[in-house]
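Numbers restart at 1 for each chain; the letters A, B, ... are given by sequence-line order, proteins then strands.
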Protein chains: 2
Amino acid sequence: MKTEQDIFLAYLKSRGLNLTAERSKILQTVFSFHRHFDLDDLYDEIRRHKARVSRATIYRTIPLLMESGLIREVFRCMDRPHYEHIYGHDHHDHMICLGCGKVLEFKDERIEKLQNEVCAEFGFESVEHRLGIRGYCRECREGQVKRRGAAGT
Amino acid sequence: MKTEQDIFLAYLKSRGLNLTAERSKILQTVFSFHRHFDLDDLYDEIRRHKARVSRATIYRTIPLLMESGLIREVFRCMDRPHYEHIYGHDHHDHMICLGCGKVLEFKDERIEKLQNEVCAEFGFESVEHRLGIRGYCRECREGQVKRRGAAGT
DNA sequence: ATTGAGATTGAGACTAAATCTCAATAAATT
DNA sequence: AATTTATTGAGATTTAGTCTCAATCTCAAT
Ligand SMILES: [Zn+2]
Ligand SMILES: [Zn+2]
Ligand SMILES: [Zn+2]
Ligand SMILES: [Zn+2]
């Protein structure tokens, strides 16, 4: 079982790039999250650990992490892309509550299978997909709503 | 059968707003498209008809059209949101070719139904959803690829 | 250990999308 | 007609993201 480091390192090597301290710190921080994050979450968390990585470097590193298959963009919220690490986690899709901003994850094998069928019909080779359902969660429908802002898909 | 104008007008009235010449022109142009469009497509098409509406007004009107349920954002391409009118059209989802940028539309009732089931399980009330599959279309997989740039979901 | 080629970084300049401000205009209301 | 409120366009402003470049680091070959 390879670690995320192994994978990132292999990817970087394959491109003639190095695993620097900054990239390593970003990688480590990404995998320390147990939730979806945006660039500023990363930046803040790194500083909170008294490490110092510039925003420019984070902007540069995110595409590398995506290309190496370690993270993916999941949705856009407050006009910013949000990411999640995917290595070691099952694929899943998202429901985003327009009331409280909560993000629910779900996976339905039947939907996944049907997507493959549709792609086959069209002769389309799927590389990646994203299903985002926006609406209102149980708590927001029933009880009192604490508005935290709407989220985009 | 209401026209898009009726709907937009009703929405505007409900908010104490007026259907001005500019808003009317934007509405008309939106429904003259038979493809997905972004803000500049709108701007250019309006000017091509020798009408004059500022970008600021278009930026202001798009949210109104979305809130009134006439258009929706469908994906992001070249870092810009793209829209489509939805009034009078069946709901559908999209496949986006990473090779040529082509956008294919599909609808699978079974997938739609399963989404409803999943929402019910979670007690989640769906308002809207978006399924985007990115990959390679038949032509790009077989023949020669004419790269036109990648598209985002 | 030294060296040189190439990779990397951070700071700040730059770009471009989107929002905001505001004075002038238009529409609705009285 | 007068008053109020909505609307517009131009340009200023904000902000996410990219680009530039000089200084620094990495690594592989001596
Ligand atoms: Zn909620
Ligand atoms: Zn997730
Ligand atoms: Zn294609
Ligand atoms: Zn469509």
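Classification of R35(B) and E84(B) as a salt-bridged pair fails, no side-chain N sitting under 4.0 Å from a carboxylate O. The pair E125(B)-R138(A) does not meet the salt-bridge criterion, since no charged nitrogen lies less than 4.0 angstrom from a carboxylate oxygen.
As judged by a 4.0 angstrom heavy-atom cut-off over every strand, L39(A) is placed among residues making no nucleic acid contact. Here P63(A) lies out of heavy-atom contact (under 4.0 Å) with every strand.
If you measure from atom CE of M78(A) to atom P of dA18(C), you get 16 Å, rounded to the nearest angstrom. Computed from coordinates, the L42(A) CG to dA16(D) C1' distance equals 15 Å when rounded to whole Å. Between R60(B) atom CZ and dC20(C) atom P the separation is 10 Å, expressed in whole Å. dA6(D) atom P lies 16 Å from atom CG of L19(B), rounded to whole Å. Nucleotide dT25(C) holds its C1' atom 18 Å from the CZ atom of R52(B), rounded to whole Å. Atoms CG (D40(B)) and C1' (dA17(C)) sit 10 Å apart, rounded to a whole Å. Protein atom CD1 of I58(B) is 13 Å distant from nucleotide atom P of dT19(C), rounded to whole Å. Atom-to-atom, CG of D41(A) to P of dA16(D) comes out at 13 Å; the value is rounded to the nearest Å.
Both Y59(B) and N18(B) lie near DNA chain C, and the one whose nearest nucleotide falls closer to the 5' end is Y59(B).
Residue R80(B) places at least one side-chain N or O closer than 4.0 Å to OP1 or OP2 of dA17(C). Within the structure, every side-chain polar atom (N or O) of T20(B) is placed at least 4.0 Å from both OP1 and OP2 of dA6(D). Side-chain N/O atoms of R23(A) include one lying less than 4.0 angstrom from OP1 or OP2 on dT8(C). For the OP1/OP2 pair of dG9(D) and a distance below 4.0 Å, the side-chain nitrogens and oxygens of T57(B) include at least one atom meeting the criterion.
Here dT2(C) sits opposite dA29(D) as a Watson-Crick or G-U wobble pair (both hydrogen-bonding atom distances under 3.5 Å).
Side-chain N/O atoms of R15(B) and base N/O atoms of dT5(D) include no donor-acceptor pair closer than 3.5 Å. Counting distance only, with no hydrogens placed and no angle test, the side-chain atoms of R55(A) and the base atoms of dG12(C) include no donor-acceptor pair under 3.5 Å.
Among the nucleotides dT7(D), dG12(C), dG9(D), the one closest to any side-chain atom of L17(B) is dT7(D). Proximity note for K13(B) (side chain, C-beta onward) versus dA28(C), dC22(C), dG10(C): the nearest is dA28(C).
More than 12 heavy atoms of other residues, nucleotides or ligands sit less than 6.0 Å from atom CZ of R72(A). Annotation for K107(A): atom NZ counts as buried by contact number, over 12 foreign heavy atoms lying within 6.0 Å.
Screening H36(A), R130(A), H82(A), R134(A) against H94(A) for a side chain to side chain donor-acceptor pair (under 3.5 Å) leaves a single residue, H36(A).
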